[in-house]
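A single structure is presented below for examination.
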Amino acid sequence: MTPTKAPGATRYLPEERGLDSLRSAAECCRGCPLFADATQTVFGRGHPGAPIMLVGEQPGDQEDRAGEPFVGPAGRLLARALEDAGIDPALTYETNAVKHFKFTRKGGKRRIHQKPGRTEVVACRPWLIAEIEAVRPQVVVCLGATAAQSLLGADFRVSTQRGRELRLPASVVDIEPEPTVVATVHPSAVLRDRSDGREEAYRLFVDDLRGAGSNL
Ligand code: URA
Ligand code: SF4
């Protein structure tokens with residue numbers, strides 16, 4: 001958790017809420033301190049009307065440099081899992097709960113990922129909500145606890161509620177019909193699983209994605 005308060009992204013949202021306007025306005029966001037050390041804002045990728053929105057945690061080292069979500073190792077695992085789940089990547093919009101990379105430096109130059117705190121997640125949520133309202137997906141898939149807690153509240157537990165189909169409350173997004181929302185693990189958690197259970201973790205991840213895709 002970050003102890004400091006952050007003013008939040010709301011004041012940076014443009015009046016016109018199309019994806020292109022949102023993307024360019026987000027480049028200038030200073031709604032929390034994370035903009036200061038990251039290379040750039042990493043906004044979502046995909047088209048308005050994409051039926052599945054995938055929400056990760058925050059850009060990683062490679063995404064921070066490239067300016068695009070899910071281009072690193074977690075993104076490669078996600079792409080393979082989508083394929084195994086029978087989901088055409090062209091149907092997805094991929095984004096993150098937090099749009100700037102949070103890291104610490106270890107030793108020389110290596111940048112080590114740090115989990116965003118609740119303050120940053122809440123500060124950045126207006127971008128995520130605006131993306132959902134602009135894309136109007138049928139299903140939102142939260143990849144890991146950060147995304148799930150951003151949209152479903154800090155008490156949400158992926159371990160007990162993964163795969164369960166919920167409705168995104170009208171208090172969160174102002175669109176009708178409210179999209180279905182499903183949470184699963186983060187692809188990095190599958191990558192990090194060094195145990196014998198890794199295959200099983202991958203299989204369960206694919207099952208959750210397939211279940212989410214069956215809503216289309
Ligand atoms: N992990 C995420 O949550 N998002 C990315 O874009 C890359 C890695
Ligand atoms: Fe703005 Fe989000 Fe970046 Fe913080 S992380 S500066 S709220 S875009």
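Counting starts at 1 for both ligands and their atoms, following the listed order.
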Exercise for the section: Heavy-atom distances under 4.0 Å are what count here, so tell me which part of Gln58 touches ligand 1: side chain, backbone, both or neither. Expected result: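 The part of Gln58 near ligand 1 is the backbone, not the side chain.
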
Problem - From CA spacing to verdict: side-chain contact (heavy atoms from CB on, under 4.5 Å), Thr41, Tyr12 - result: CA-CA 13 Å; Thr41 306; Tyr12 299 93; over 6 Å; no

Handout entry: Student check: side-chain heavy atoms of Leu54 and Leu209 closer than 4.5 Å
Key = yes

Problem - ligand 1 N/O within reach of Pro69 N/O, cut-off under 3.5 Å - result: no

Exercise for the section: Show which atoms of ligand 1 fall inside a sub-4.0 Å distance from at least one heavy-atom site of Gly56. Expected result: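 Selected atoms, number and element: 3 (O).
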
Handout entry: With Asp84 via side chain to side chain donor-acceptor pair (under 3.5 Å) - residues at least two apart
Key =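 Side chain to side chain donor-acceptor pair (under 3.5 Å) list for Asp84, sorted by chain: Tyr202.
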
Problem - Any side-chain donor near an acceptor of the partner, His113 and Gln58, under 3.5 Å - result: yes

Exercise for the section: Write down the atom of Ala6, the atom of Gly31, and the distance for their closest heavy-atom approach. Expected result: CB-O, 3.5 Å

Handout entry: Glu63, portion touching ligand 1 at heavy-atom distance under 4.0 Å
Key =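 Just the side chain.
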
Handout entry: Transitive ILVMFWY cluster of Val121, excluding itself - 4.5 Å side-chain cut-off
Key =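 Its cluster mates, by chain and number, are Leu34, Val98.
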
Exercise for the section: Would you check whether His186 has a nitrogen or oxygen atom less than 3.5 angstrom from a nitrogen or oxygen atom of ligand 1? Expected result: yes

Exercise for the section: Sequence neighbours left out, what pairs pass salt bridge (charged side-chain N to carboxylate O under 4.0 Å, His left out) with at least one residue falling in residues 19-40? Expected result: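 Sorted result for residues 19-40: Asp20-Arg23.
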
Handout entry: Shortest non-hydrogen contact between Thr160 and Arg164, atoms and distance
Key =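 Smallest heavy-atom distance, with atoms named: O-NH2, 3.4 Å.
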
Problem - Protein N, O or S atoms under 2.8 Å from atom 3 (Fe) of ligand 2 - result: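 Atoms of protein N, O or S type lying less than 2.8 Å from atom 3 (Fe) of ligand 2 total 1.
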
Exercise for the section: Report the nearest protein non-hydrogen atom to atom 4 (N) of ligand 1: residue, atom name, distance rounded to 0.1 Å. Expected result: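 Nearest neighbour among protein heavy atoms for atom 4 (N) of ligand 1, to 0.1 Å: Asn96 OD1, 2.7 Å.
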
Handout entry: Check ion pair Arg45-Glu68 (N to O, under 4.0 angstrom)
Key = yes

